[in-house]
> 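I have a structure I would like to understand better, so I am pasting it below and will then ask my questions one at a time.
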Number of protein chains: 2
Amino acid sequence: MLPNPTASAEVASGASPWDQVADRLRAGGLRWTPQRRTLIEVLREHEGHVTASALIARCKERDRTTTPSTVYRTLDLLEELGLVRHGHGHDGREEYHILPDQVHGHLYCGGCGKTWEIRPETGAVIVEALASQLGFAVDLSHVTISGRCAGCHD
Amino acid sequence: MLPNPTASAEVASGASPWDQVADRLRAGGLRWTPQRRTLIEVLREHEGHVTASALIARCKERDRTTTPSTVYRTLDLLEELGLVRHGHGHDGREEYHILPDQVHGHLYCGGCGKTWEIRPETGAVIVEALASQLGFAVDLSHVTISGRCAGCHD
DNA sequence: TTTGCTATTGCAACATGTTGCGGGCTCTGC
DNA sequence: GCAGAGCCCGCAACATGTTGCAATAGCAAA
C-alpha cells in the first residue's frame, strides 16, 4: 500500500481519491463512520460496474451487521462527491459505476446477456443528435440500452 | 392518429385489437378469465404509457380482489401477443407502452421531471450510429434516457 | 477529557416486482 | 351438460429499494 500523505491541496500522483473521502466528508460537517469505512474498502476492490446488491453482500462479508439502507444512503453521498455514479441495468436494477473517468453508456444484448460499453466516439454521435435536434443534454451513463449484438441477430 | 398496422391480417374498421384478445388466447390453448378481462378493459382506457402500479390500481378499482402477481403475469402474456411493450422509466420502474404503433424511445429531464418521446427521425440517428459502428440492433423503446431538456440547462 | 450538537445508524414499514405452490376455474370432448 | 386436463389464480415468501423515527455515536469546543 502507498503511504498516505492526505494532501489538502492537490493530490500527489499515485494517491487514490478514496484516501480523501474521510477528509472531504469532515470538511462538509459530515462524519467518518465504521459503516462508511467498510463500504469504501469494498469499493476500492472493484472497478467498472457493480450492482447495489453485490456491494451490500460484500459489505456484509466484512461486517455482518451491515444494513442495506445505510449502504444506499452512503452511496448517495458518494455520488454527490463524484466518486460513484448510479445507473440502471437492462432490468431496471441499480448499478454503480466506480470512479467514472469518463461518462459512457452501456449496451445490453438480450440474446447473449452480455453488456458492452459505448465508446466515446459512438456516444458522441448520440449525444450530438439529441442536442442538435432537441436541445437535450443526454446523460448516457444513467441507463443501459437494450437490443441485440452483432452475434445475436436472429 | 394513424391506423394501426400491427396485425398481419387486416383489421376491420372500428375493430380494436383488444376485441381479438380472447380468441387469440384460446387459439393458443390459453384461457379467458375475469382477471384478464378486467386488465384489458383498463388498458382500453389508456393510451401511450402507464406504469405497472397505475394499472394495478385501476384494476383494483374495478375488482377489489386484484392481486399484483396476476396483473404482472397477464402483462407478460400481452407482451408476447404484441399488445403492450414494457420498458423502464428513468428510475428503473416498469412502464408499459400500450399498442405500440411504432418503436420510440423516451427522454426524461432530471430538471423539470417531464418525459418526451424521441421522434422517429431522431431515433433513427441513434439506431443507425450503433448499428453501423457496432453492429448492434438497438431497442430504443426499452429504456428512458435521462438528461436535461433545453429549458433546464443550468 | 468531558460535554453537547446533530449527523448517522438500524429498525420497521412500505413500495414495487418476482416466484413456487396448491386448489380452483376454463375449456374441450363426449 | 358433465367430467377430465391442465392453465391460472391467490397466497406467501422473497428480492430490491426507499423512507420516517428514535437512539447512538462522531466530532469539535471547552
Side-chain angles (χ1 to χ4, degrees), chain A residues 6 21-40 42 49-60 62-81 84-96 142-144, chain B residues 21-40 42 49-60 62-81 84-96 113 142-144:
Chain A
T6 314
V21 177
D23 288 335
R24 291 183 63 190
L25 287 175
R26 279 191 276 255
L30 306 180
R31 292 170 190 173
W32 184 236
T33 67
Q35 293 83 351
R36 288 177 180 174
R37 182 199 310 281
T38 301
L39 178 56
I40 300 299
V42 168
H49 327 106
V50 211
T51 63
S53 60
L55 288 174
I56 292 168
R58 299 284 261 137
C59 284
K60 280 202 164 133
R62 287 172 174 268
D63 175 359
R64 201 66 63 73
T65 71
T66 299
T67 57
S69 56
T70 297
V71 176
Y72 283 113
R73 284 190 279 224
T74 301
L75 284 167
D76 286 347
L77 251 184
L78 296 177
E79 188 154 15
E80 281 170 29
L81 295 182
V84 303
R85 269 178 97 77
H86 89 280
H88 299 281
H90 69 99
D91 59 352
R93 301 260 210 281
E94 301 237 330
E95 273 180 6
Y96 285 86
H142 191 82
V143 295
T144 298
Chain B
V21 177
D23 289 336
R24 291 183 64 190
L25 287 174
R26 279 191 277 256
L30 307 180
R31 298 186 183 160
W32 185 235
T33 66
Q35 294 83 353
R36 288 177 180 176
R37 182 199 310 280
T38 302
L39 179 56
I40 299 299
V42 168
H49 327 106
V50 211
T51 62
S53 60
L55 288 173
I56 292 168
R58 300 284 262 137
C59 285
K60 279 201 165 135
R62 289 173 173 268
D63 176 358
R64 202 66 62 74
T65 70
T66 299
T67 57
S69 55
T70 297
V71 176
Y72 283 113
R73 283 189 278 226
T74 302
L75 285 167
D76 285 347
L77 252 183
L78 295 176
E79 187 155 16
E80 280 170 29
L81 295 181
V84 301
R85 266 179 99 78
H86 90 280
H88 299 280
H90 69 99
D91 59 352
R93 299 260 210 281
E94 301 237 330
E95 273 180 8
Y96 283 86
H142 191 82
V143 295
T144 297

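In this text the structure is predicted, and so the values were computed from the model without any measurement. Letters A, B, ... are given to chains in the order of the sequence lines, protein chains preceding strands, and every chain is numbered from 1.
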> Using a 4.0 Å cut-off on heavy atoms, which residues in residues 24-36 of chain A reach DNA chain C? List them by number, or say none.
A:G29, A:L30, A:R31, A:T33, A:Q35, A:R36
> Walk me through whether B:E94 and B:H88 qualify under side chain to side chain contact (heavy atoms under 4.5 Å, CB included).
CA-CA 5 Å; B:E94 301 237 330; B:H88 299 280; 3.7 Å; yes
> Rounded to the nearest 0.5 Å, what separation is found between the CZ atom of A:R24 and the CG atom of A:L77?
11.0 Å
> With B:R62, which residues qualify under salt bridge (charged side-chain N to carboxylate O under 4.0 Å, His left out), at least two apart?
B:E41, B:E45
> Going 5' to 3' along DNA chain D, which are the first and last nucleotides with any atom under 4.0 Å from a heavy atom of chain B?
D:dA5 to D:dC11
> Could you pull out the protein-nucleic contacts involving nucleotides 19-22 of chain C (nitrogen or oxygen on both sides, under 3.5 Å)?
| unit_1 | atom_1 | unit_2 | atom_2 | d |
| --- | --- | --- | --- | --- |
| C:dG20 | O6 | B:R73 | NH1 | 3.3 |

> Measuring from B:K60:NZ to B:T67:OG1, what's the distance to the nearest 0.5 Å?
8.0 Å
> Who are the ring-ring contact (aromatic ring centres under 6.0 Å, His included) partners of B:H90, not counting sequence neighbours?
B:Y108
> Which residues pass the side-chain contact (heavy atoms from CB on, under 4.5 Å) test with B:A57, not counting sequence neighbours?
none
> Rounded to the nearest 0.5 Å, how far does NE2 of A:H142 lie from OG1 of B:T144?
9.0 Å
> Going by heavy atoms in the side chains, are B:V21 and B:L78 under 4.5 Å from each other?
yes
> Rounded to the nearest 0.5 Å, what separation is found between the CG atom of B:L25 and the CG atom of B:L81?
6.0 Å
> When the nearest nucleotide of DNA chain D is assigned to B:R93 and to B:T65 on a heavy-atom basis, which residue is associated with the more 5' position?
B:T65
> Please report the C-alpha distance between B:R58 and B:L55 in whole Å, then the side-chain angles of each, then the deciding distance to 0.1 Å, and finally whether the side chain to side chain contact (heavy atoms under 4.5 Å, CB included) criterion is met.
CA-CA 5 Å; B:R58 300 284 262 137; B:L55 288 173; 5.7 Å; no
